[in-house]
Amino acid sequence: MIAHSELGGNLSVSDDGYNVLVGSMPNKPSLFDSYTDHPQIKVWLPRIHVYSTAAGRYQIIRSTWSWVKRALNLTDFGPENQDRAALLLIKFRKAYDDVEAGLIESAIYKCNLEWASLPGDRYGQGANPMEGLVSAYKASGGQVVSPEAVA
């Protein structure tokens, strides 16, 4: 769901999103060619007037990768380690238990400081609608429980 939110159509034109640079368009993807380490390429994003180093399936920025890499003792920026990093970031935002409980909307809101494409983001990059994210989550096998069912 996060990859769907961050990359949209770029999941299908790349290595399942693991080699996508920020700012890519489905018809013109910008890809990196080595998983040796985070590519650390600064890309100008004219729509929001900032540079970003976001890369990979979960669009992790260089500074975040630096501490995640140390915390998990990761040796490269390969797909498995990107998945591990995303899981740590979800746990860091205290959203993992919500995911496990099927409270995906709560988890999404808790992760919006990590991923600007999620509703409630504070970066002004244009978050995706909650309904589409929940649908993408369900389509990938995620189970959703209504908050009322947990109460």
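These numbers were taken from a predicted model, which means no experiment stands behind them.
P39 has its side chain within reach of L21: a pair of non-hydrogen atoms, C-beta onward, lies under 4.5 Å apart. For the pair V134/M1, no side-chain contact is recorded, criterion being any heavy-atom separation below 4.5 Å from C-beta on. No side-chain heavy atom of S30 sits less than 4.5 Å from a side-chain heavy atom of V43.
Of the possible polar contacts, none joining the R84 side chain to the L72 backbone as a donor-acceptor pair under 3.5 Å is found. Panel note: side chain N19, backbone D15; a donor-acceptor pair is recorded below 3.5 Å.
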Q. Taking it one step at a time, do S66 and R70 satisfy side chain to side chain donor-acceptor pair (under 3.5 Å)?
A. CA-CA 6 Å; S66 180; R70 283 191 311 274; 2.9 Å; yes
Q. Do C111 and L89 pass the side-chain contact (heavy atoms from CB on, under 4.5 Å) test, and can you show the C-alpha distance, the side-chain angles, and the key distance before you say yes or no?
A. CA-CA 8 Å; C111 290; L89 294 171; over 6 Å; no
Q: Go through T64 and E114 one step at a time and tell me if the side-chain contact (heavy atoms from CB on, under 4.5 Å) criterion holds.
A: CA-CA 9 Å; T64 298; E114 208 62 59; 3.8 Å; yes
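Sparse packing is recorded around CD of E80, with 12 or fewer heavy atoms of other residues, nucleotides or ligands lying under 6.0 Å away.
Atom OH of Y58 is separated from atom OG of S117 by 12.5 Å, given to the nearest 0.5 angstrom. Interatomic distance, Y18 OH to Q82 CD, rounded to the nearest 0.5 Å: 7.0 Å. The line from CG of L113 to CG of L118 is 10.0 Å long, rounded to the nearest 0.5 Å. Taking CD of Q59 as the start and CG of L7 as the end, the distance is 5.0 Å to the nearest 0.5 Å. Atom CD of E6 and atom CH2 of W115 lie 8.0 Å apart (nearest 0.5 Å). Atoms CD1 and OG1, on I61 and T53 in that order, are 5.5 Å from each other to the nearest 0.5 Å.
In the hydrophobic cluster analysis, where Ile, Leu, Val, Met, Phe, Trp and Tyr join through side-chain heavy atoms closer than 4.5 angstrom, M25 is grouped apart from V22. Residues L87 and L74 are members of one and the same hydrophobic cluster, defined by side-chain heavy-atom contacts under 4.5 angstrom among Ile, Leu, Val, Met, Phe, Trp and Tyr. Linking Ile, Leu, Val, Met, Phe, Trp and Tyr whenever their side-chain heavy atoms come within less than 4.5 Å leaves W44 and V20 in two separate clusters. Both L88 and I2 belong to a single network of hydrophobic side chains, linked directly or stepwise wherever heavy atoms of I, L, V, M, F, W or Y lie under 4.5 Å apart. V145 and I90 fall into different hydrophobic clusters, where Ile, Leu, Val, Met, Phe, Trp and Tyr residues are linked whenever their side-chain heavy atoms come under 4.5 Å apart, directly or through other members.
Nearest heavy atoms, L45 versus G23: CD2-CA, 3.8 Å. Considering every non-hydrogen atom in both Y109 and P119, the closest pair reads CD2-O, 3.5 Å.
A salt bridge (Lys or Arg N to Asp or Glu O under 4.0 Å) check over residues 36-48, counting only residues at least two apart or in different chains, returns the pairs D37-K69. Legend: side chain to side chain donor-acceptor pair (under 3.5 Å) pairs involving residues 127-141, not counting sequence neighbours, sorted by first then second residue: S5-N128.
For D76, the salt bridge (charged side-chain N to carboxylate O under 4.0 Å, His left out) criterion is met by no residue, not counting sequence neighbours. With sequence neighbours excluded, no residue forms a salt bridge (charged side-chain N to carboxylate O under 4.0 Å, His left out) with D83. By the ring pair (Phe, Tyr, Trp, His ring centres under 6.0 Å) test, Y35 pairs with F32, sequence neighbours left out.
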For residues 98-105, run the donor-acceptor check on the side chains, cut-off 3.5 Å, and write out each pair with its distance to 0.1 Å, sequence neighbours left out.
| unit_1 | atom_1 | unit_2 | atom_2 | d |
| --- | --- | --- | --- | --- |
| D98 | OD2 | S106 | OG | 2.7 |
| D98 | OD2 | K110 | NZ | 2.7 |
| E100 | OE2 | Y96 | OH | 3.4 |

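Ring orientation note: the planes of W65 and H38 are tilted relative to one another, at an angle of 30° to 60°.
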